[in-house]
Structures are given as structure tokens and as C-alpha cells.
Novice: 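Submitted below is the structure of interest, expressed as C-alpha cells.
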Number of protein chains: 2
Amino acid sequence: MRGHQLAMALREAYLALHRRTDAIMARSGVTADQFVVLASLTEQIALTQRDLVVRTSSDPNTLRAMLILLERRGLIERRPHATDSRARTVSLTRKGRSAFRKLWRQSETVRQRLLAALDPDDASVLVSQLRRIVAGLVNSPVQGELS
Amino acid sequence: MRGHQLAMALREAYLALHRRTDAIMARSGVTADQFVVLASLTEQIALTQRDLVVRTSSDPNTLRAMLILLERRGLIERRPHATDSRARTVSLTRKGRSAFRKLWRQSETVRQRLLAALDPDDASVLVSQLRRIVAGLVNSPVQGELS
DNA sequence: TATTGTTATACTCTATAACTATA
DNA sequence: TATAGTTATAGAGTATAACAATA
């Protein structure tokens, strides 16, 4: 097995997932990437933008652009952080929670298909393998890069 | 195991791969997506744009935008197809082949890390699982979509 | 000094729709 | 009629760099 094949298979699977998700959510005017932000915000009452950067694997500037779009549509709100006045906390609005629930239902089939493509026991193994791949790729210097 | 976790793990792994690849190739002014196009062109002498759309999992318009960028930089060339005058064949130029070889060497560590994150026998299993996921997601109608 | 977030800016990828030309 | 590719257009995500305010 060659590394390039694995890279291409990973790319193809992710793009298929991403496009299928985008297609389902297009009617609601929410992108797959924005859905990831909304989903992260359901896991905790309020997160700082910094937290969200980590959870969504996004660049701070990219995240900000997405938050502004979501804020403009009334799905999220940003408030001053209670104790750290540099930070802002992000949370879902009532409208955002409602929109998310609908999007979650609409995307149920995608998650089902994802799982249906695998033997039941394989899914959790796959997740841990993907996480090991992430660990191997991030937080380690690139060849020839300045430390 | 929940489908959402799998989706998020897939996303995280792909983005890590994509960003690491982009970072390595940035000095050469080639993006990770353009690298995929160049790599596809090494597999066969000449491909039509249609062929490339399939091989790179791209939209025709997206692919065209990338080809124009690559053509402007002298890495690929497009010629009329020999027998189908609607089509154009795309191929690497001498400069493109040389650039690709360099990029391939520079990205060797990424592929090694990808494989190093897994047990040797697991890589091929992973590839086939990813392909089954793709098969489960594409070429089947979305719930509620018009046929 | 390091961190959080903003501003300004630019480019690539992405895709829809209408179109031409050819098979 | 279907297919290959183009044109026009728009938007989303991506990221770099310089910056202000605060920890």
C-alpha cells in the first residue's frame, strides 16, 4: 500500500462527505463548514473563538469570517467574556438551536450511510486510526522548516 | 460509535493532510489541490478534462480554474483532442514533470507519516473502507431530492 | 511577553446557469 | 439529444500580516 493511495482515498471520502452535506444544507443557506461550527456550539453552553478554532480545525481568520456570516443570520451571538475581556464567548441563539436541530435531522441519512458502509465494529477502529493520522501530521516540524 | 464522530474524524484527518501538504508546497507556489491534478497527469500520457474531473473528484468549473492557473505557470498544456474535437487533452509540460518530481520528493515525509501512523496491514484495509464510504455517499439520491 | 481577537487584503476553490460546438 | 468545454458570476473558505487591547 502506498501513501499516495491512502491520501487520495482520504481526500475522496472527505470530499464526498462534504459535498453530500453541503447539498443537503444548501436549502437552508448553511454550509457544511458552518454546520460544523454550529455542532461544536451544541457541545457546551459557550465557547470562546479560540476554543472553536481548536474544535473546528480552523484558522482564526477563517473562523471569524464564518462567525460573522452566522451572526448576520441570527444563528449565533457573541458576547464579552465574563472574566477575560480580551475574549468573546460564542453561543447559539434560540433560532440557531432550532436551525441546528433541523439540519441535524436532515443530515441523519448521511451519518447512517457513513456507518452502513462499514462493519459495526470497524467504525470505532476507523475513528482511532484517523486520530492517529492527525497526531502524526500535526504538531511536528516539516522537513527543512525552521524551528 | 456515532456517525458524527466518524464524520468529524474524517474531516480532521483530511484537513491535517491538506494543510501539511499546502505548507510544504507553498514555496513552489503550487497548492495541494493543484498537486493532485499534477499527480493524476503522471498516471497517463494525456487525459481529457472530463477524465480529470473524475480522477480528481472536482467540479468541471473548478477543474478548469485550476488548469488555467497551471497553464499560466507553464506546468501543463492543453491541446485539441485527436479524434473528438469537442474535447481537449491535458498533459504535463517538461517543466511540469520536473516541478512534480520535486514536489513529490518534498511531500515524501507526509506520505511516510500517513503510513507510520498505522500498523502495516491496516493501511490497505483503511483504503478499502474509505472507498466503501465513498460508494455509500455518491451516486444515490438525497432524501427528498427530485429524481 | 504572550494571547485574543480585529482589520485589511488577496487568492484559490467551489459551484450555478446559460451558452457554443460537436458527437 | 447528450456531451465537452467555456463564459460569466458569485460566494465561501483560506491564510498572511500588521495591529489594538488585555492577561
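Naming: A, B, ... by sequence-line order, numbering from 1 per chain.
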Novice: Any donor-acceptor pair under 3.5 Å between the side chain of Asn61(A) and the base of dT16(D)?
Specialist: yes
Novice: Hey, does the side-chain of Asp84(B) have a donor or acceptor N/O within less than 3.5 Å of a partner on the base of dA21(C)?
Specialist: no
Novice: Quick check on Arg111(A): does its CZ atom have over 12 non-hydrogen neighbours (other residues, nucleotides or ligands) under 6.0 Å away?
Specialist: yes
Novice: Rounded to whole angstroms, how far apart are CG on Leu47(B) and C1' on dG5(D)?
Specialist: 16 Å
Novice: Between Arg11(A) and Asp51(A), name the one whose nearest nucleotide on DNA chain C is closer to the 5' end.
Specialist: Asp51(A)
Novice: Rounded to whole angstrom units, what separation is found between the NE2 atom of His81(B) and the P atom of dT3(D)?
Specialist: 16 Å
Novice: Per the atom types in the model, does the base of dT4(C) pair as donor or acceptor with the side chain of Arg50(A) at under 3.5 Å?
Specialist: no
Novice: For residues Arg97(B) and Thr93(B), is any side-chain donor paired with an opposing acceptor at under 3.5 Å?
Specialist: no
Novice: Compute whether any side-chain donor of one residue and acceptor of the other, for Gln44(B) and Arg55(B), lie under 3.5 angstrom apart.
Specialist: yes
Novice: Within the 4.0 Å heavy-atom criterion, would you say Arg88(B) contacts the bases, only the backbone, or no part of the nucleic acid?
Specialist: sugar-phosphate
Novice: Identify whether any heavy atom of Ala65(B) sits under 4.0 Å from a base atom; if not, whether one sits that close to sugar-phosphate; answer base, sugar-phosphate or nothing.
Specialist: base
Novice: Test for a donor-acceptor pair under 3.5 Å between the base of dT3(C) and the side chain of Arg86(A), counting only N and O atoms.
Specialist: yes
Novice: What contact category does Thr62(A) fall into here, base, sugar-phosphate, or nothing, at under 4.0 angstrom with non-hydrogen atoms?
Specialist: base
Novice: With a 3.5 Å cut-off and no angle check, do the side chains of Arg78(A) and Gln49(A) form a donor-acceptor pair?
Specialist: yes
Novice: To the nearest angstrom, how far is Arg64(A) atom CZ from dA17(D) atom C1'?
Specialist: 15 Å
Novice: Just the rounded figure in Å: distance from P of dC13(C) to OH of Tyr14(B).
Specialist: 10 Å
Novice: Take the protein atom CZ of Arg73(A) and the nucleotide atom P of dA12(D), then report the distance between them rounded to whole Å.
Specialist: 9 Å
Novice: Write down the distance between CG (Leu63(B)) and C1' (dT14(C)), rounded to a whole number of angstrom.
Specialist: 12 Å
Novice: For the atom pair CG (Leu75(B)) and OG (Ser91(B)), what is the distance rounded to the nearest 0.5 Å?
Specialist: 12.0 Å
Novice: How long is the line joining CG of Leu15(B) and P of dA15(D), in whole Å?
Specialist: 9 Å
Novice: Just the rounded figure in Å: distance from C1' of dT7(D) to CG of Leu67(B).
Specialist: 16 Å
Novice: Give Asp59(B) one of three labels, base, sugar-phosphate or nothing, depending on what nucleic acid heavy atoms sit under 4.0 Å from its own.
Specialist: base
Novice: Reckon Ser85(A) touches a base, only the sugar-phosphate, or nothing at all at heavy-atom distances under 4.0 Å?
Specialist: sugar-phosphate
